[in-house]
Amino acid sequence: MGILPLTECLLSQVSTPPSSIEMENLIDAAVANRLPDIGRLVSLPQTTFALLSLLMDEKTVPKDLELVLCQDPALAAKVISLSNSAFYGLQTPVSTIERAILIIGFKELEFMAMGLGLSETIDMTQVPSGFDGEGLWMHCLSVSWIARELAILTKAAEPSEAMITGLLHELGIIILVSKFPLQFQQLLEMVNAGMSFFDAEAALGLKHNIIGYLLARNWNLPEVFQEGILYHHAPEKSPKHKKVAAIVALADSLAHKVGFSMNMEALDLDLPYILKTIGLKVDDLQEFIKSIMNSIPQVQPVWLKMMHLGSSKKNSLAKNRFSSLITSSNKPSHHKKNT
Ligand SMILES: [Fe+2]
Ligand SMILES: [Fe+2]
């Protein structure tokens, strides 16, 4: 038995999140060593961090959001543009953040700003051939939306926490695809040869939930997001945030079912455990699936617009800033397998 399965076996028995040193034993050494650099060089925009702290504060009022967004005029302009999407059916176009908040609502604008912030940060146009970068974004946005709707329906978690955890749950895949294209290409080749995605990533030491968790820790994101990312495929293992992890796991599975699968298989979930944890009946789940299926044609254009508005901000300066990092990631790893 190599290091990987042994460490994984030990970790499955602990009740608290493992230390980053233990975690790093589970991922390719080349990837683990470069994550702190990536954490420093690739960061969510300041505006996104400011919005995160507003989200966590119950005393936040719409005016606070307005003040933060007004400090980032480019983001504010995009939020206004999204607000004018046909989805919202406005009779008169909105032209100011103040009016957008009034008409669209505080939470809707948070979702837009967070989605735009993430898509501005990571360039998904440089993805390994054969991988659907847009499909990955659409998956993350759909999981974010479904998680929020589930949280509203069940009241098992704060909708904003479920929403952001859903948006970030595949952070590890986003980083692998955008910063470790050669390693990810190797993973795809194993999948194309018939291996499951989850077996291939484990064999290569590229477990996306662990990579995402380590990056979220590096960014000092709230613990609920860190745990939600780490346990989105095994919410029962989450020590402190089982309900959020369960909501995101279910939203992930539903996104696969309703067509936002990024061409990957979904892992089997312990559905009875999840439904019990979030207090949802099977019949209500069926109704919920019908309602999201009905809403998708309306919300999907908003996600597409959000994705394209976000990527349009990337400029040559940002690309130059990260180019050395990206170039170094293109060197083949000597740690192809940890097993
Ligand atoms: Fe995942
Ligand atoms: Fe997912």
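These numbers come from a predicted model, not from an experiment. Just so you know, ligand 1 is whichever comes first in the structure, and atom 1 is the first atom listed for that ligand.
- Side chain to side chain, His241 and Gln226 fail the donor-acceptor criterion of an N or O pair below 3.5 Å.
- Restricting His139 to its N, O or S atoms, the one at the least distance from the Fe ion (ligand 2) is NE2.
- Residues passing the salt bridge (Lys or Arg N to Asp or Glu O under 4.0 Å) test with Glu149, sequence neighbours excluded: none.
- Annotation: ring pair (Phe, Tyr, Trp, His ring centres under 6.0 Å) contacts of His139 (sequence neighbours excluded): His169, His256.
- Follow the hydrophobic side-chain contacts under 4.5 Å out from Val61 and you never reach Leu65; the two are in separate clusters.
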Indicate every side-chain donor-acceptor pair of residues 286-299 with a distance under 3.5 Å to a residue at least two apart or in another chain.
residue	atom	partner	partner atom	Å
Glu287	OE2	Lys290	NZ	3.2
Ser291	OG	Phe288	O	3.0
Asn294	ND2	Lys290	O	3.4
Ser295	OG	Ser291	O	3.0

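- With respect to the salt-bridge test (charged N to carboxylate O, under 4.0 angstrom), the residues Glu223 and Lys240 qualify.
- Excluding waters, the set of protein N, O or S atoms lying under 2.8 Å from the Fe ion (ligand 1) comprises Glu170 OE1, Glu170 OE2, His208 NE2, His232 NE2, His233 NE2.
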